[in-house]
Asks: 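Okay, handing you the structure first.
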Protein chains: 2
Amino acid sequence: MDDELRQKIYAFIEKKGLRKTVQREAIIQAAFCTNDHYTAEELILKARAIDSTVSRATVYRTLPLLVESGFLKEIDLGKEHKTYDPNFANQPHHNHLICTDCHRVIEFEDAHIETLEDCITKRLGFSPKAKMVRIEASCNQFQRFGKCERKGTG
Amino acid sequence: MDDELRQKIYAFIEKKGLRKTVQREAIIQAAFCTNDHYTAEELILKARAIDSTVSRATVYRTLPLLVESGFLKEIDLGKEHKTYDPNFANQPHHNHLICTDCHRVIEFEDAHIETLEDCITKRLGFSPKAKMVRIEASCNQFQRFGKCERKGTG
DNA sequence: TTAAATGCAAATTATTTGCAGAAGC
DNA sequence: GCTTCTGCAAATAATTTGCATTTAA
């Protein structure tokens, strides 16, 4: 896990007057030592692999804290369970493309789309606060060859 | 409710070999006689106002059918409950701006953003299937005057 | 020392499902 | 008449919460 990020998270925890517990440390470690997306249940398993005393309740109580910190975001991949994305700490403006063939998720950034979103927002009389784009698309390689070698999250 | 839309929906029902029941009629009527977004629970109330015999179970069984038909879409407004949007029948490519001041939802279409999304998708080696943009933004009028007269959904 | 955090187990809540009776075709 | 659809009530499953105990500061 990135050391700069770790420090920022603990700065947030300290600023909020929260305590540093072994369970929170394990959950934070589990939450940010990966680029994969995960559900609450998956995070419980990953946190327990680090510290077996972590309870379901503590994970469910910690998740909103991490989201509030801004380093973790809840994303909408159209799945039935809530999905969390730990990559906004490093790439604050990324978006998601979901492969309709293999269901992998590709993260991408694009300055033009950011600009355009800001234009649209201003034209409507608003000031942009948060923006997200989700694209579902079919993989050309997969369609041709029945497989693709692309690396994706999730 | 738009008559052309009604016909399309019943064409879908017939094509699927489904039956035309009073409960389904009431639910469809409730679902598409408005431009507002709604939750499953809200749809139950609206459908019961039309036909009081409509049960919760039937609404929950009908919703996925309407979504499958393509005329109703589940949208992500960041709210805790699933929200449904009946306006895709008339405006198949619209997106959502959520006001962070009064929480109203503004629907907008933009051809440029569509084009850009297609470009990005192709550049990544995919063929676009579905695209969505969600913007959270603060209302300039509201910020200045403490209120705004804008009409919005939700 | 004391306020906050934890684990457990029970509660909550949206949604789903089994089943017997009702109704569309 | 046969099959689908419905309402009811029970089941399911993710998340939340109350409380006694533990622990960080």
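So that the names make sense, note that chain A is the first sequence line, chain B the second, and so on, each numbered from 1.
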Asks: We want to know whether A/Glu107 and A/His37 form a side-chain donor-acceptor pair, criterion being a heavy-atom distance below 3.5 angstrom.
Replies: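 On atom types as modelled, these side chains qualify, holding a pair under 3.5 Å.
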Asks: Residues in side-chain contact (heavy atoms from CB on, under 4.5 Å) with A/Gln141, at least two apart?
Replies: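 Here the qualifying residues are A/Cys139, A/Phe145, A/Cys148, A/Glu149.
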Asks: Distance only, no hydrogens: is a donor on one side chain within 3.5 Å (strictly under) of an acceptor on the other, for A/Gln143 and A/Asp101?
Replies: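 Indeed, the side chains of A/Gln143 and A/Asp101 share at least one donor-acceptor pair under 3.5 Å.
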Asks: I need the residues from residues 7-23 of chain B with at least one non-hydrogen atom less than 4.0 Å from DNA chain C; give them sorted by number, or say none.
Replies: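 Per residue number, the list reads B/Arg19, B/Lys20.
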Asks: Give the minimum heavy-atom separation between B/Thr58 and B/Gln23, together with the two atoms involved.
Replies: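 What the structure gives for the nearest pair is CG2-CB, 4.1 Å.
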Asks: Which residues pass the salt bridge (charged side-chain N to carboxylate O under 4.0 Å, His left out) test with B/Arg56, sequence neighbours left out?
Replies: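 So B/Arg56 forms a salt bridge (charged side-chain N to carboxylate O under 4.0 Å, His left out) with B/Glu41.
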Asks: Can you list everything that forms a side-chain contact (heavy atoms from CB on, under 4.5 Å) with B/His93? Sequence neighbours excluded, please.
Replies: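 Residues passing side-chain contact (heavy atoms from CB on, under 4.5 Å) with B/His93: B/Glu109, B/Glu114.
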Asks: Is the distance between the ring centroids of B/His94 and B/Phe88 under 6.0 Å?
Replies: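 Yes, close enough.
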Asks: Could I get the full list of salt bridge (charged side-chain N to carboxylate O under 4.0 Å, His left out) partners for A/Lys16, not counting sequence neighbours?
Replies: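 A/Lys16: salt bridge (charged side-chain N to carboxylate O under 4.0 Å, His left out) contacts with A/Glu68.
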Asks: Heavy-atom distance under 4.5 Å between the side chains of A/Lys131 and A/Asp118, does that happen here?
Replies: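 Result yes, sub-4.5 Å side-chain heavy-atom pair found.
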Asks: Side-chain donor-acceptor contacts of residues 2-15 of chain B below 3.5 Å, not counting sequence neighbours, with atom names and distances?
Replies:
from	atom 1	to	atom 2	distance (Å)
B/Asp2	OD2	B/Leu5	N	3.2
B/Arg6	NH2	B/Gln29	OE1	3.1

Asks: Taking any atom under 4.0 angstrom from a heavy atom of chain B, which nucleotides of DNA chain C are the first and last to qualify, 5' to 3'?
Replies: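 From 5' to 3', the first and last contacting nucleotides are C/dA14 to C/dC25.
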Asks: Quick one, B/Leu97 and B/Phe108 - any side-chain contact, counting heavy atoms below 4.5 Å?
Replies: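 Heavy-atom side-chain distance check passes, below 4.5 Å.
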Asks: What is the minimum heavy-atom distance between A/Asp36 and A/Pro86, and which atoms define it?
Replies: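 Smallest heavy-atom distance, with atoms named: O-CD, 3.3 Å.
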Asks: Could you work out, with side-chain contact (heavy atoms from CB on, under 4.5 Å) as the rule, every residue matching A/Ala47, not counting sequence neighbours?
Replies: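 With sequence neighbours excluded, A/Ala47 shows a side-chain contact (heavy atoms from CB on, under 4.5 Å) to A/Ile27, A/Ala30, A/Val54, given in chain and number order.
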Asks: If you fit an axis to the five pairs at each end of the helix from C/dT1-D/dA25 to C/dC25-D/dG1, how big is the angle between those two axes, to 10 degrees?
Replies: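 One end's axis against the other's: 40°.
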Asks: Any residue in residues 43-55 of chain A with a heavy atom nearer than 4.0 angstrom to DNA chain C? Just list them by number, or reply none.
Replies: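 Going residue by residue through residues 43-55 of chain A, the ones with a heavy atom under 4.0 Å of DNA chain C turn out to be A/Thr53, A/Val54, A/Ser55.
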Asks: Can you list, by residue number, the residues of residues 56-74 of chain A that have a non-hydrogen atom closer than 4.0 angstrom to DNA chain C?
Replies: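 The stretch gives A/Ala57, A/Thr58, A/Arg61 as the residues lying under 4.0 Å from the strand, ordered by number.
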Asks: Would you call A/His103 and A/Leu77 a side-chain contact if the rule is heavy atoms closer than 4.5 Å?
Replies: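 They are not in contact (no side-chain heavy atoms under 4.5 Å apart), so the answer is no.
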Asks: Less than 3.5 Å apart, which donor and acceptor atoms pair up between the side chains of residues 69-76 of chain A and the rest of the protein, not counting sequence neighbours?
Replies:
from	atom 1	to	atom 2	distance (Å)
A/Ser69	OG	A/Leu66	O	2.6
A/Ser69	OG	A/Phe71	N	3.2
A/Asp76	OD1	A/Gly78	N	3.0
A/Asp76	OD1	A/Arg134	NH1	3.4
A/Asp76	OD2	A/Arg134	NH1	2.8

Asks: I need the CD-C1' distance between A/Glu41 and D/dA13, as an integer number of Å.
Replies: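 So the CD-C1' distance, A/Glu41 to D/dA13, works out to 10 Å.
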